[in-house]
K.L.:
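My questions will all concern the structure given below.
Computation of the quantities below employed the complete heavy-atom set of this structure, encompassing side-chain atoms and omitting hydrogens, waters and symmetry-equivalent molecules. Everything numeric here is computed off the predicted structure, so don't read it as measured data.
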Amino acid sequence: NMEIKRDSYLRKLIDRQHNGLVKVITGIRRCGKSYLLFELFYKYLKEQGVDTVFGYPGGTVLNIYDALYEYKDEINHVLTAHEQGAAHAADGYSRATGKVGVCIATSGPGATNLVTAIATAYMDSSPVVFITGNVPQSLMGTDSFQEADISGMTMPITKHNFFVSKIEDLADTIREAFSIAKSGRP
């Protein structure tokens, strides 16, 4: 019942926002509810059996890292010195444990630093889910600071790419990403 109230509150906040996920996060923080959105994000990761994530913090994913603190006893975060190291570590984790590896990176150069590890995981059939931040939708296509079309760059070296523009799609997208990662040829 508490989760239904929180989800309902989140949707009301999102309805007021029109500039993409980053603006939604900003709106929530201004309302004193900065962790609500990403508590849901981690709830959905835990639902998929995630107990370890690899990553390197940066501008568009700082709120993900803020909320991770609340889950520090449930989800282990491995901080690396570089996004590429986090991506290769997530791949190695997947190979060693048989679980889906998870890597988090910021937008732009942070996301592009994942490309070699994404290709390696794809070519070697390692199930890894890579999650990156992005600039607000209002800035997409304007060559804004740290904007890069990571979906376009990685389309040939992934089983599937998702671009989440509505928070209502987050849960189903995470579920589908993990399902795809675990099915068929990883």
K.L.:
In chain order, what residues pass the salt bridge (Lys or Arg N to Asp or Glu O under 4.0 Å) check against D169, with sequence neighbours excluded?
P.N.:
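For D169, no residue satisfies salt bridge (Lys or Arg N to Asp or Glu O under 4.0 Å) once neighbours in sequence are set aside.
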K.L.:
Is there a side-chain contact between C103 and D91 in this structure, where contact means two heavy atoms from C-beta onward sitting under 4.5 Å apart?
P.N.:
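They are not in contact (no side-chain heavy atoms under 4.5 Å apart), so the answer is no.
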K.L.:
Do V100 and V78 land in one hydrophobic cluster if side-chain heavy atoms of ILVMFWY residues count as linked below 4.5 Å?
P.N.:
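Different clusters: V100 never reaches V78 through Ile, Leu, Val, Met, Phe, Trp or Tyr contacts under 4.5 Å.
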K.L.:
Hey, are the side chains of F162 and I180 touching, using non-hydrogen atoms and a 4.5 Å cut-off?
P.N.:
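In contact.
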K.L.:
What's the spacing between K99 NZ and K182 NZ if we round to 0.5 Å?
P.N.:
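Reported to 0.5 Å precision, the distance equals 11.0 Å.
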K.L.:
Between NE2 of H82 and NE2 of H88, what distance do you get to the nearest 0.5 Å?
P.N.:
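If I round to the nearest 0.5 Å, the distance is 10.0 Å.
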K.L.:
Would you give the length of the straight line joining atom OH of Y56 to atom CD1 of I104, rounded to the nearest 0.5 angstrom?
P.N.:
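Result: 14.5 Å between the selected atoms.
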K.L.:
Restricting to non-hydrogen atoms, name the atom on V61 and the atom on G133 that form the minimum distance, rounded to 0.1 Å.
P.N.:
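Closest pair (atom of V61, atom of G133, distance): CG1-N, 3.6 Å.
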K.L.:
Between atom CZ of F41 and atom CG of L68, what is the distance when rounded to the nearest 0.5 Å?
P.N.:
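One finds 9.0 Å between CZ of F41 and CG of L68.
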K.L.:
I'd like to know if the side chain of S183 and the backbone of S179 have a donor-acceptor N/O pair within less than 3.5 Å.
P.N.:
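Checked: pair present.
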K.L.:
Do Q84 and L114 have side-chain heavy atoms sitting under 4.5 Å apart?
P.N.:
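Side-chain contact under 4.5 Å: no.
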K.L.:
Kindly indicate, with the supporting measurements, whether the criterion ring-ring contact (aromatic ring centres under 6.0 Å, His included) is fulfilled by H77 and F54.
P.N.:
CA-CA 6 Å; H77 178 266; F54 300 84; 8.1 Å; no
K.L.:
Going through the checks in order, is the side chain to side chain contact (heavy atoms under 4.5 Å, CB included) test met by I174 and E47?
P.N.:
CA-CA 10 Å; I174 289 174; E47 176 184 282; over 6 Å; no
K.L.:
What is the distance from atom CD1 of I64 to atom CG of L45, rounded to the nearest 0.5 Å?
P.N.:
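With rounding to 0.5 Å, CD1 (I64) is 9.0 Å from CG (L45).
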K.L.:
Can you give me the closest heavy-atom contact between A177 and V129, atom names plus distance?
P.N.:
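Shortest heavy-atom contact: O-CG2, 4.1 Å.
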K.L.:
Under 3.5 Å, is there a donor-acceptor pair between the side chain of S94 and the main chain of S126?
P.N.:
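Absent.
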K.L.:
Using a 4.5 Å cut-off on heavy atoms from C-beta on, say whether the side chain of Y71 contacts that of K46.
P.N.:
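Touching, per the 4.5 Å side-chain cut-off.
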K.L.:
Show your reasoning for whether side chain to side chain contact (heavy atoms under 4.5 Å, CB included) applies to V102 and I131.
P.N.:
CA-CA 8 Å; V102 178; I131 301 166; 4.1 Å; yes
K.L.:
For the residue pair V115 and T154, establish whether any side-chain heavy-atom pair is separated by less than 4.5 Å.
P.N.:
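The answer is yes; the side chains approach within 4.5 Å.
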K.L.:
Testing the basics here: between I157 and I118, what is the closest heavy-atom pair and its distance to 0.1 Å?
P.N.:
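What the structure gives for the nearest pair is O-CG2, 3.5 Å.
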K.L.:
At what distance, to the nearest 0.5 angstrom, does CG of L62 lie from OG1 of T106?
P.N.:
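So the CG of L62 and the OG1 of T106 are separated by 7.0 Å.
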K.L.:
Using the side-chain hydrogen bond (donor to acceptor under 3.5 Å, both in side chains) criterion, which residues pair with Y93? Sequence neighbours excluded.
P.N.:
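Expected list: D51.
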K.L.:
Are the side chain of Y44 and the backbone N or O of D172 linked by a donor-acceptor pair below 3.5 Å?
P.N.:
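Not a single qualifying donor-acceptor pair exists.
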K.L.:
Nearest heavy-atom pair of G184 and K159: which atoms, and what distance?
P.N.:
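Shortest heavy-atom separation between G184 and K159 comes out as C-NZ, 4.4 Å.
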K.L.:
Where do V50 and I75 come nearest, in terms of heavy atoms and distance?
P.N.:
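Shortest heavy-atom contact: O-CG1, 4.0 Å.
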K.L.:
Determine whether S107 and T132 make a side-chain contact, defined as any pair of heavy atoms from C-beta on separated by less than 4.5 Å.
P.N.:
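The answer is no, as the side chains (C-beta and beyond) never meet within the 4.5 Å cut-off.
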